[in-house]
Participant: 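Below: one structure in structure tokens.
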Amino acid sequence: MARSDNHQVNIRVNEAEYAKIQVSARIMGLSVPKYCKHLIMQSKLREPKLSEDEYHQISVDLSRIGNNINQIARRLNQAKADGEITSEELAMLNTTLGKLDDEVTMVWQQLR
């Protein structure tokens, strides 16, 4: 009778990892290969929520948001060094921060 499981999968582990696998296999009453196969076959993989392009776009969005925050921080530090910031600038920065907060919320919702 021919074997139906004719593909072999090899992995490398260090001594500590192998010892842990051996102990776990022994507790389950299985050989190391059967224990590893059991773990693999029982794993539950989940489909990614977003496509690779969507993850890339989120990364770009977060980078842009981070750049905007850095610009705001730079302006506030400059105003602190100069000793003044106008109320108009403060209002503009506050509005910009509010928009950035909204954008972060939108990105966060995409990831959920």
Participant: How long is the span from the OG1 atom in Thr96 to the CZ atom in Arg75, to the nearest 0.5 Å?
Facilitator: 12.5 Å
Participant: If you round to the nearest 0.5 Å, how far is CG of Asn70 from CD1 of Ile65?
Facilitator: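 Reported to 0.5 Å precision, the distance equals 12.0 Å.
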Participant: Should Leu97 and Leu93 count as side-chain neighbours, where that means a heavy-atom distance under 4.5 Å?
Facilitator: no
Participant: Taking Ser51's backbone N and O only, do any of them form a donor-acceptor pair with Glu54's side chain (distance below 3.5 Å, no angle check)?
Facilitator: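 Yes; judged by distance alone, with no hydrogens or angles, the pair exists.
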Participant: Under the 3.5 angstrom rule, does the side chain of Ser59 hit a backbone N or O of Tyr55 as a donor-acceptor pair?
Facilitator: no
Participant: Supply the atom-to-atom distance Gln22 CD to Ile27 CD1, rounded to the nearest 0.5 angstrom.
Facilitator: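 Separation between the atoms: 12.0 Å.
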Participant: Using the rule that two of Ile, Leu, Val, Met, Phe, Trp, Tyr join whenever any of their side-chain heavy atoms come within less than 4.5 Å, decide whether Leu39 and Val13 are in one cluster.
Facilitator: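 They do share one cluster, since a chain of ILVMFWY contacts under 4.5 Å joins Leu39 to Val13.
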Participant: Would you compute the distance between atom CG of Asp5 and atom NZ of Lys37 and round it to the nearest 0.5 angstrom?
Facilitator: 4.5 Å
Participant: Kindly give the heavy-atom pair with the smallest separation between Ala25 and Ser31, and that separation in Å.
Facilitator: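 Result for this residue pair: CB-O, 3.9 Å.
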Participant: Would Tyr18 end up clustered with Tyr35 when hydrophobic side chains under 4.5 Å apart are linked, directly or stepwise?
Facilitator: yes
Participant: Does the side chain of Arg74 come within less than 4.5 Å of Gln71's, by heavy atoms?
Facilitator: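 Yes, at least one pair of side-chain atoms sits under 4.5 Å.
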Participant: Do Val60 and His56 have side chains that get closer than 4.5 Å, going by heavy atoms?
Facilitator: yes
Participant: Evaluate the side-chain contact (heavy atoms from CB on, under 4.5 Å) criterion for residues Glu103 and Arg64: first the C-alpha distance (whole Å), next the side-chain angles of each, then the deciding distance (0.1 Å), finally the verdict.
Facilitator: CA-CA 10 Å; Glu103 289 181 37; Arg64 185 181 46 75; 2.6 Å; yes
Participant: Run the side-chain contact (heavy atoms from CB on, under 4.5 Å) check on Asn10 and Gln8 step by step: do they pass?
Facilitator: CA-CA 7 Å; Asn10 297 309; Gln8 185 172 344; 3.1 Å; yes
Participant: Has Ser43 got a side-chain atom pairing as donor or acceptor with Ile40's backbone, closer than 3.5 angstrom?
Facilitator: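 The answer is yes, because a donor-acceptor pair under 3.5 Å joins these two groups.
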Participant: Is there a donor-acceptor contact under 3.5 Å linking the side chains of Gln57 and Asp61?
Facilitator: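 Distance-only check passes for Gln57 and Asp61.
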Participant: Quick check for you: to the nearest 0.5 Å, what is the distance between Leu30 atom CG and Ser24 atom OG?
Facilitator: 10.5 Å
Participant: Which distance, rounded to the nearest 0.5 Å, do you find between the CD1 of Ile72 and the CD of Glu89?
Facilitator: 12.0 Å
Participant: Please check this pair: side chain of Asn77 against backbone of Ala73, looking for a donor-acceptor N/O pair closer than 3.5 Å.
Facilitator: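 Between the backbone of Ala73 and the side chain of Asn77 there is a qualifying donor-acceptor contact (under 3.5 Å).
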